[in-house]
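Chain A is the first sequence line, chain B the second, and so forth, proteins listed ahead of strands; every chain is numbered from 1. Treat the numbers as computed from the prediction; the structure is a model and nothing was measured.
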Amino acid sequence: MGFCRGNDAGCALRAGAGADDHDGPALPQSVRPPRHRRRRTDRVPLCFHQHRHGDGHRARGRGAAAAHFLRWHVDDDDHGRGRHRHVRPCQPHDARAPRRVRQGRCRQSCPAVPSSGPYPATGPMLHAPNRTPTQKASSSPMSTTSKPAKPVITRFAPSPTGFLHIGGARTALFNWLYAQHTGGKFLLRIEDTDRARHTPDAVDAILDGLKWLGLQWDGEPISQFSRAARHAEVAHALLAAGQAYRCYVPAEELAAERAKAEAEKRFFTVASPWRDRDPATAPAGVAPVIRFKAPRDGETVVEDVVQGRVVFQNKDFDDLVILRSDGTPIYNLAVVVDDHDMGVTHIIRGVDHLTNAARQTQIYRAMGWDVPVFGHVPLIHGPDGQKLSKRHGALGIEAYRAMGYLPAALNNYLVRLGWSHGDDEIFPLAKMIEWFDLNSLGKSASRMDFLKLADTNAHYIREATDATLLANIERVLPELGISGVPANLTATQRAQFLALIPDLKPRAKTLREVVTGAAALFLERPLQLDVKALALIDAEARVHIKALSGRFRALGAWSAKALEDDVRSYAEAGGHKLGKIAQPLRAAITAASVSPPVFSLMAILGREETLARLEEQAG
RNA sequence: GGUCCCUUCGUCUAUCGGUUAGGACACGAGAUUUUCAAUCUUGGAAGACGGGUUCGAUUCCCGUAGGGACCGCCA
């Protein structure tokens with residue numbers, strides 16, 4: 001085998017401190033450090049890397065020559081991974097640069113990609129020519145490393161057709177974080193244009209969910225419906241400018257054609273004859289819709305902070321309806337008008353809106369408005385990789401609260417779905433805000449992993465102070481609805497619960513588990529022992545319990561330490577293992593075989609209650 | 001059917017074209033232990049496939065396969 005020898009002229013590492021290691025026999029395979037130890041830092045002095053070229057099975061690209069060639073270029077102050085990178089200017093237009101760089105998504109200080117294009121800022125205009133220019137405009141707000149010229153305004157725009165689900169929560173989080181990070185604003189708009197599907201309850205659920213997560217928006221939530229007149233105004237401006245037209249084709253006719261095309265697996269686009277027809281020939285008594293006159297040829301480019309440059313052929317778009325026949329607006333128009341009027345600079349939303357971004361870009365251009373920066377984040381799938389459905393994961397955010405997750409944990413978990421910051425996993429809010437940037441967003445969809453969420457939650461449970469944790473618990477106690485535990489605690493119960501919290505923390509992944517762990521505190525005599533507990537209390541156990549009752553009655557200080565010491569000395573004196581004595585005690589005190597430390601429990605319960613429970617089982 | 005997007009351990013992800021492909025969750029083993037946890041030590045686990053460019057490709061390009069999104073007088 002061709003291992004690196006001391007006289008291997010090509011080895012760049014020979015000059016280093018580890019040169020001695022190169023003499024002597026070839027290192028056996030077993031010297032290779034275990035996988036998890038293979039770090040850049042320990043690689044340098046050792047140089048026992050295996051050179052595969054010696055015996056013919058050189059793996060592609062991992063050859064020794066290559067390996068040696070590269071060592072020169074390793075920057076050793078790149079300790080850790082990804083943190084202390086050298087910031088070098090990127091070359092976005094270099095064809096050999098990585099995709100991230102070319103697409104302007106490099107972490108390093110890249111020139112930004114234009115967002116709004118070189119179009120006039122006011123007044124309607126004709127459609128864009130064939131190619132959307134993308135060079136120039138290096139001062140757009142796309143760059144996240146330097147402060148944008150315009151103050152950042154983001155928004156979250158849910159439709160109130162249902163609850164706030166996990167994907168929506170993450171979208172809101174990203175928008176909120178970016179606004180916080182840049183010192184900008186985060187606005188909330190309810191997309192309630194469709195009155196038929198609008199429910200006030202859903203609006204409340206969304207607002208409550210955001211508040212619970214701590215994603216406070218700036219100003220009042222805006223109702224899209226309330227702005228219908230403005231939307232119509234813009235539609236008519238488009239009409240006046242020749243960028244839209246009245247279409248008299250009946251809806252039913254279109255629906256029938258669409259259904260037919262779908263059945264035949266044919267591609268269907270609306271090609272309204274009214275696009276070019278003289279409006280004077282319009283039929284009487286038919287209420288027309290207003291259609292946007294979409295460009296027929298050329299392409300529409302979406303410069304996306306997440307997706308990169310996405311090019312759509314204009315021929316693939318049809319003329320979308322912007323105003324219904326009853327004069328009410330339709331989504332794509334309403335969104336553009338509202339985002340423009342609200343001064344939104346950055347639109348971060350799910351990729352399911354990517355094609356809408358192209359359509360909306362066309363409308364922005366037709367109106368001569370600046371196109372905001374788009375960032376279309378990938379979707380979150382269910383644990384099985386399928387689209388989220390009610391069966392798995394598509395729960396309202398309030399369901400997560402009721403399951404006992406902490407908002408900090410949920411935010412921390414969600415921010416890691418599609419976003420990363422090196423190897424970091426735990427992000428206290430301040431760090432999240434400091435580190436969050438649009439450039440580190442990924443493009444591939446992720447899966448909901450409840451186990452990781454649980455682990456993150458467990459982390460935040462352990463981190464919380466006892467008082468904070470209990471306060472959080474009391475807030476959700478009614479929702480938790482755990483039998484045997486009161487929805488409201490008395491002062492005594494609260495004090496006992498608080499005292500037990502340190503023993504509960506390491507045992508719980510959710511607040512629900514914290515509460516169930518404290519169940520023994522709330523039991524009422526006579527206790528109903530479960531099967532395993534019952535089995536622990538045999539004749540011999542009764543003898544021990546009886547004996548210990550007597551000792552406890554005479555015990556001086558009533559503390560966990562004193563109790564434990566006493567039980568230990570009792571066990572030792574009788575030649576028993578501690579478990580032999582402690583388990584029956586646990587059964588008698590908690591009615592279960594599993595619980596937090598039984599000595600803590602007895603200490604918190606007090607002498608009287610402890611003795612009463614023991615005497616119940618003493619027989 | 002059309003358009004667009006995606007693909008690194010089971011999962012979330014790291015990687016400036018040169019790393020022994022790293023971390024976290026999950027899983028296995030051991031230690032500790034009054035139960036259960038927590039904790040500590042430790043193990044296994046990945047570049048979808050095929051071409052091309054290059055001294056060198058997980059990384060850039062093309063194709064294939066698989067997955068996803070969107071194609072409403074819904075949002």
- Message: Return a single string for nucleotides 28-35 of chain B, one symbol per nucleotide in 5' to 3' order, where B is base contact, S is sugar-phosphate-only contact and - is none, cutoff 4.0 angstrom on heavy atoms.
- Response: ------BB
- Query: Nucleotide by nucleotide, 5' to 3', does protein get under 4.0 Å of the base (B), only the sugar-phosphate (S), or neither (-) in nucleotides 67-75 of chain B, counting heavy atoms?
  - Reply: -SSS-SBBB
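The residue A:Arg447 sits close only to the backbone: its heavy atoms come under 4.0 Å of sugar-phosphate atoms, none of a base. The residue A:Val335 sits apart from the nucleic acid: no heavy atom pair falls under 4.0 Å. Nucleic acid contact class of A:Lys509 (heavy atoms, under 4.0 Å, all strands): sugar-phosphate only.
Evaluation of the salt bridge (Lys or Arg N to Asp or Glu O under 4.0 Å) test over residues 445-461 of chain A, restricted to residues two or more places apart or in two chains, returns A:Glu425-A:Lys452.
A:Glu540 pairs by the side chain to side chain contact (heavy atoms under 4.5 Å, CB included) definition with A:Asp538, A:His544, A:His576, A:Lys580, not counting sequence neighbours. A:Phe317 meets the ring-ring contact (aromatic ring centres under 6.0 Å, His included) test with A:Phe312; sequence neighbours excluded.
When the side-chain nitrogen and oxygen atoms of A:Lys443 are compared with OP1 and OP2 of B:C6, one or more of them lie within a distance under 4.0 Å.
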- Message: Set out, in order, the CA-CA distance, both residues' side-chain angles and the distance that settles ring-ring contact (aromatic ring centres under 6.0 Å, His included) for A:Trp274 and A:Tyr248, then state yes or no.
- Response: CA-CA 7 Å; A:Trp274 295 96; A:Tyr248 296 86; 4.8 Å; yes
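Which of B:C4, B:G10, B:A24 sits closest to the side chain of A:Glu425 comes down to B:A24. The side chain of A:Ser444 approaches B:C6 more closely than any other nucleotide in the set B:C5, B:C25, B:C6. Considering only the side chain of A:Asp423, B:G22 comes nearest among B:G22, B:C12, B:A26.
Between A:Glu564 and A:Arg568 there is a salt bridge, with a side-chain nitrogen of the basic residue lying less than 4.0 Å from a carboxylate oxygen of the acidic one. A salt bridge between A:Arg189 and A:Asp339 is present, with a side-chain N of the basic residue lying under 4.0 Å from a carboxylate O of the acidic one. In this structure, A:Asp319 does not pair ionically with A:Arg359, as no charged nitrogen and carboxylate oxygen lie closer than 4.0 Å.
In this structure, A:Arg416 contributes its side chain and A:Asn411 its backbone to no donor-acceptor pair below 3.5 Å.
As the counterpart of B:G56, no nucleotide is assigned, since no Watson-Crick or G-U wobble pattern has both distances under 3.5 Å. Summarising the base pairing, B:U15 is matched to no nucleotide, lacking a Watson-Crick or G-U wobble pair whose two defining distances lie under 3.5 Å. Using Watson-Crick or G-U wobble geometry with both donor-acceptor distances under 3.5 Å, B:G50 finds its partner in B:C62. In this entry B:A21 has no Watson-Crick or G-U wobble partner, no candidate having both defining distances under 3.5 Å. Under the Watson-Crick or G-U wobble criterion, with both distances below 3.5 Å, B:G1 is paired with B:C71. Look at B:A45: it lacks any Watson-Crick or wobble partner with both distances under 3.5 angstrom. Within the shown strands, B:U39 is the pairing partner of B:A31 under the Watson-Crick or G-U definition, both distances less than 3.5 Å. Under the Watson-Crick or G-U wobble criterion, with both distances below 3.5 Å, B:A26 has no partner in any strand shown.
Here, B:U39 and B:U33 have their C1' atoms 11 Å apart, quoted to the whole Å. Between the P atoms of B:C5 and B:C9, the separation comes to 22 Å (whole Å). Separating the P atom of B:C61 from that of B:U7 is a span of 12 Å, rounded to the nearest Å. Annotation: B:U59 and B:U3 have their P atoms spaced 26 Å apart (nearest Å). Atom name P, nucleotides B:G30 and B:U11: the rounded distance is 27 Å, in whole Å. Look at the C1' atom in both B:G68 and B:A31: the space between them is 46 Å, to the nearest Å. The same atom, P, is picked in B:U8 and in B:C4; the two are 22 Å apart, to the nearest Å. Comparing B:C12 with B:A48, their P atoms sit 14 Å apart, to the nearest whole Å.
Taking the centre of each ring, A:Phe163 and A:His165 stay at or above the 6.0 Å mark. Less than 6.0 angstrom separates the ring centroid of A:Trp419 from the ring centroid of A:Phe436.
Atom CD1 of A:Ile461 and atom P of B:A38 are 12 Å apart (whole Å). One can place NE2 of A:His459 at 14 Å from C1' of B:C25, the figure rounded to the nearest angstrom. Counting to the nearest Å, the P atom of B:A37 and the CD atom of A:Glu513 are 11 Å from each other. Atoms CD1 (A:Ile426) and P (B:G23) sit 17 Å apart, rounded to a whole Å. Rounded to whole angstrom, the span from the CD1 atom of A:Ile589 across to the P atom of B:C36 amounts to 19 Å. Counting to the nearest Å, the C1' atom of B:G2 and the CG atom of A:Asn314 are 15 Å from each other. Separating the CZ atom of A:Arg416 from the P atom of B:G23 is a distance of 14 Å, rounded to the nearest angstrom. Between A:Met448 atom CE and B:U13 atom C1' the separation is 16 Å, expressed in whole Å.
Heavy atoms of other residues, nucleotides or ligands lying less than 6.0 angstrom from CD of A:Gln313 number more than 12.
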Residues 503-510 of chain A, side-chain donor-acceptor partners within the protein, below 3.5 Å, at least two apart:
residue  : atom : partner  : partner atom : Å
A:Asp503 : OD2  : A:Ser600 : OG           : 2.7
A:Lys505 : NZ   : A:Ala464 : O            : 2.6
A:Lys505 : NZ   : A:Asp466 : OD1          : 2.8
A:Arg507 : NH1  : A:Asp503 : O            : 2.7
A:Thr510 : OG1  : A:Arg512 : N            : 3.4
A:Thr510 : OG1  : A:Glu513 : N            : 3.1

